[in-house]
Q: 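Pasting a structure here, questions to come.
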Amino acid sequence: MAELADVYFVDGMRTPFGRAGEKGMYWNTRADDLAVKALKGLLERNPEVPKDRIDDVAIAATSQTGDQGLTLGRTVGILAGLPMTVPGLAVERMCAGAMTSVTTMAASIGVGMYDFAIAGGVEHMGHHPIGGNADPNPRFVAERLVDPGALNMGVTAERIHDRFPQLTKERADRFGMLSQHKAQAAYESGKIQPDLVPVAITGADGQWGLATEDEGRRPETTMEGLAALKTPFRPHGRVTAGTSSPLTDGATVSLLASGAAVKEFGLTPKMRLVSFAFAGVEPEIMGIGPIPSTEKALAKAGLTIDDIGLFELNEAFGIQVLSLLDHFGIADDDPRVNPWGGAIALGHPLAASGVRLMIQLAAHFAEHPEVRYGMTAMCVGLGQGGTVIWENPHYTGKKKK
């Protein structure tokens with residue numbers, strides 16, 4: 001009989017994130033190859049895990065067509081050299097694709113069906129613009145189920161400003177600027193690079209190159225510069241390119257394991273899963289989605305927001321993160337939140353981002369044995385939120401000197 005099992009995040013790696021579009025570093029690279037590269041890097045870093053013991057591979061993509069179609073988990077597993085006996089599937093929950101890959105595989109481990117699983121996501125927004133291959137049902141608009149603006153994420157971000165006037169453009173600008181500065185500081189101190197898998201690329205001129213770091217960063221960002229940017233989603237609006245995540249290409253993967261498998265192979269996992277939750281909100285204001293999903297995940301864990309010592313929140317938009325912080329009474333510049341910056345600086349390849357949050361939280365846990373619990377959370381297109389709460393296996397209960 002299968003028994004309930006603890007679920008561990010053993011390790012995670014990702015490709016550097018590239019700017020989407022013809023000028024981006026991955027324009028001539030296939031989407032599935034990005035996921036393959038990330039998975040190969042992860043397998044090479046964890047040689048003690050027998051490949052034939054991996055029970056499933058879940059890889060998410062939002063636009064499942066072309067080079068990111070064809071049941072990605074299965075195709076990526078084969079291309080990365082996993083045995084043919086290892087099955088795979090594809091996952092789709094817009095921005096929370098990789099997060100859902102993780103929670104779905106974690107649930108399978110938790111009920112004792114799996115020992116090991118791979119979970120991740122890929123998005124090549126250059127090849128597949130968001131919603132580009134979709135044909136939304138006309139009833140959404142005809143029956144006023146969903147406002148036409150709900151599929152434009154920037155419009156939904158403007159509406160958070162409308163609903164919460166205290167969340168000003170200046171606060172969002174400052175949040176965006178600090179994200180850039182924190183990401184640059186993390187790069188300069190070598191924090192982000194260890195979990196990146198370099199990717200061979202070819203430029204428009206046919207020249208070979210190597211992608212080794214995130215391409216979209218703008219460390220020179222200032223408040224004056226941000227104040228002067230256009231507001232593309234609304235005349236005299238408040239959301240700008242400086243407070244939004246850029247369109248991005250990239251892939252992420254993680255290795256999950258049961259407590260028994262961790263023991264059997266003497267692994268040192270980076271995090272233990274405590275709880276997770278997803279929630280729905282009005283699609284027109286999708287950015288507030290992580291508020292109810294966080295409340296649900298905290299309730300399931302028997303914790304309060306005060307128990308969370310580190311936060312990795314996906315910066316789809318600056319205003320979106322501020323709405324969650326404001327709700328829970330957390331300061332805009334709280335040092336526990338996105339210590340190495342976030343998606344505004346690093347990029348948000350939709351279905352890949354959830355595991356980037358986990359990779360960064362795992363790295364923070366290693367540096368902060370005084371912190372017991374951390375949280376990864378994100379807003380999701382069409383009005384959803386997702387939250388996963390993790391426990392730090394390095395926790396000592398002692399304050400750092």
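If you read the sequence from its start, that first residue is 1, and numbering goes on from there.
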Q: Quick check for you: to the nearest 0.5 Å, what is the distance between T240 atom OG1 and D173 atom CG?
A: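 T240 atom OG1 to D173 atom CG measures 5.5 Å (nearest 0.5 Å).
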Q: Should the pair D32-K37 be classified as a salt bridge under the 4.0 Å nitrogen-to-oxygen rule?
A: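 Answer for the salt bridge query: no.
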Q: Write down the atom of P283, the atom of T156, and the distance for their closest heavy-atom approach.
A: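 That would be O-CG2, 3.6 Å.
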Q: Kindly say whether D306 contributes a backbone atom to a donor-acceptor pair with the side chain of T304 at under 3.5 angstrom?
A: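 Present.
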Q: Give the C-alpha distance, both sets of side-chain angles, the deciding distance and a yes or no for ring-ring contact (aromatic ring centres under 6.0 Å, His included) between Y373 and W390.
A: CA-CA 6 Å; Y373 297 109; W390 302 91; over 10 Å; no
Q: Within this structure, what is the CD-CZ distance for the pair Q320 and F175, rounded to the nearest 0.5 Å?
A: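 Result: 8.5 Å between the selected atoms.
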Q: Do the side chains of V197 and K40 get nearer than 4.5 Å, heavy atoms only?
A: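 No. Closest side-chain heavy atoms not under 4.5 Å.
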Q: Nearest 0.5 Å, please: how far is CG in L325 from CG in L167?
A: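 Between L167 CG and L325 CG, I get 9.5 Å after rounding to 0.5 Å.
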Q: Check whether the side chains of T376 and E312 place a donor and an acceptor atom closer than 3.5 Å, and report yes or no.
A: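 There is no such pair (donor and acceptor under 3.5 Å, judged by atom type) between the side chains of T376 and E312.
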Q: Sub-3.5 Å donor-acceptor pair from the side chain of D214 to the main-chain atoms of G216, do we have one?
A: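 Flag not set: sc D214 to bb G216 has no pair under 3.5 Å.
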Q: Run R163 and E284 through salt bridge (charged side-chain N to carboxylate O under 4.0 Å, His left out) and show every step you take.
A: CA-CA 11 Å; R163 187 174 290 196; E284 294 78 13; over 6 Å; no
Q: I'd like to know if the side chain of D55 reaches the main chain of D115, judged simply by a donor and an acceptor atom lying under 3.5 Å from each other, with no hydrogens or angles considered.
A: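 Yes: the side chain of D55 pairs with the backbone of D115.
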Q: Test the R356-F17 pair against the cation-pi criterion, namely NZ or CZ under 6.0 angstrom from the six-membered ring centroid and within 45° of the ring axis.
A: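 Cation-pi check for R356 and F17: fails.
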Q: Measure the spacing between OG of S353 and CG of L346 and express it to the nearest 0.5 Å.
A: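 Interatomic distance, S353 OG to L346 CG, rounded to 0.5 Å: 9.5 Å.
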Q: For the atom pair CG (L324) and CG (L313), what is the distance rounded to the nearest 0.5 Å?
A: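 Going from the CG atom of L324 to the CG atom of L313 covers 6.0 Å.
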Q: Under 6.0 Å from the ring centre and within 45 degrees of the ring axis: does the NZ or CZ of R93 meet both conditions for the six-membered ring of F278?
A: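 Because its charged atom sits under 6.0 Å from the ring centre and within 45° of the axis, R93 does stack over F278.
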Q: Keeping D334 on the side-chain end and I330 on the backbone end, is there a donor-acceptor pair under 3.5 Å?
A: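 Pair absent, no side-chain N/O of D334 close to backbone of I330.
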Q: Is it true that H368 and N392 share a donor-acceptor pair across their side chains at a distance under 3.5 Å?
A: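 No, H368 and N392 have no side-chain donor paired with an acceptor closer than 3.5 Å.
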Q: What pair of heavy atoms forms the shortest contact from G120 to S101, and how long is it?
A: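 Smallest interatomic distance, heavy atoms only, reads O-OG, 2.9 Å.
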Q: Just checking, is any N or O donor in the side chain of Q64 or E92 under 3.5 Å from an acceptor N or O on the other one?
A: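 Looking only at side-chain atoms, E92 and Q64 do not form any donor-acceptor pair under 3.5 Å.
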Q: Hey, is the main chain of Q166 close enough, under 3.5 Å, to the side chain of R171 for a donor-acceptor pair?
A: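 Yes, because the side chain of R171 sits within donor-acceptor range (under 3.5 Å) of the backbone of Q166.
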Q: Quiz question: by atom type and distance under 3.5 Å, do the side chains of E295 and H327 form a donor-acceptor pair?
A: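 Yes, side-chain donor-acceptor contact under 3.5 Å.
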Q: Using modelled atom types and a 3.5 Å cut-off, is there a donor and acceptor pairing between side-chain atoms of Q68 and backbone atoms of S63?
A: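 Yes, Q68 side chain to S63 backbone: donor-acceptor pair under 3.5 Å.
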Q: Tell me, do L196 and T15 make a side-chain contact under 4.5 Å, heavy atoms counted?
A: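 No. Closest side-chain heavy atoms not under 4.5 Å.
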Q: Is a side-chain donor or acceptor of H128 paired with a backbone partner of G66 at a separation under 3.5 angstrom?
A: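 No, because the side chain of H128 does not come within donor-acceptor range (under 3.5 Å) of the backbone of G66.
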Q: Could you walk me through whether R272 and I389 pass the side-chain contact (heavy atoms from CB on, under 4.5 Å) test, one step at a time?
A: CA-CA 9 Å; R272 186 183 76 85; I389 295 173; over 6 Å; no
Q: Report the C-alpha separation of F265 and F116 in whole Å, then their side-chain angles, then the decisive distance to 0.1 Å, and conclude whether the ring-ring contact (aromatic ring centres under 6.0 Å, His included) test is met.
A: CA-CA 11 Å; F265 293 97; F116 288 108; 5.7 Å; yes
Q: Pick out which of V355, I59, V122 makes a side-chain contact (heavy atoms from CB on, under 4.5 Å) with V253.
A: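 Going through V355, I59, V122 one by one, the side-chain contact (heavy atoms from CB on, under 4.5 Å) with V253 is satisfied by I59 alone.
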Q: Are any side-chain N or O atoms of N28 and backbone N or O atoms of G203, one a donor and one an acceptor, separated by less than 3.5 Å?
A: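 Here the side-chain-to-backbone pair exists.
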Q: Please check: side-chain N/O of T248 versus main-chain N/O of H348, any donor-acceptor pairing under 3.5 Å?
A: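 Side chain of T248 to backbone of H348, a donor-acceptor pair under 3.5 Å: yes, one is there.
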Q: Run the numbers on K182 and N338 for side-chain contact (heavy atoms from CB on, under 4.5 Å), then give the verdict.
A: CA-CA 8 Å; K182 288 191 286 187; N338 298 3; 4.2 Å; yes
Q: Kindly compute the distance separating CZ (F9) from CG (L361), expressed to the nearest 0.5 Å.
A: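 Output value for this atom pair is 8.5 Å.
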Q: Taking the side chain as everything from C-beta on, heavy atoms only, tell me whether P87 gets closer than 4.5 Å to V57.
A: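 Heavy-atom side-chain distance check fails, nothing below 4.5 Å.
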Q: Check whether E391 reaches the backbone of V274 with its side chain - one donor and one acceptor, N or O, closer than 3.5 Å.
A: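 No; zero donor-acceptor contacts below 3.5 Å.
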Q: Could you walk me through whether L350 and H124 satisfy the side-chain contact (heavy atoms from CB on, under 4.5 Å) test, starting with their C-alpha distance in whole Å, then the side-chain angles of each, then the deciding distance to 0.1 Å, before giving a yes or no?
A: CA-CA 9 Å; L350 305 174; H124 200 308; over 6 Å; no
Q: State, without any angle test, whether R14 and T252 hold a side-chain donor-acceptor pair at a distance under 3.5 Å.
A: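 No, no side-chain donor-acceptor pair sits under 3.5 Å.
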Q: If only side-chain N and O atoms count, and only distance matters, is there a donor-acceptor pair under 3.5 Å linking E188 with Q184?
A: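 E188 and Q184 do have a side-chain donor-acceptor pair below 3.5 Å.
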Q: Scan side-chain atoms only and decide if E315 and S245 contain a donor-acceptor pair under the 3.5 Å cut-off.
A: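 No, no side-chain donor-acceptor pair sits under 3.5 Å.
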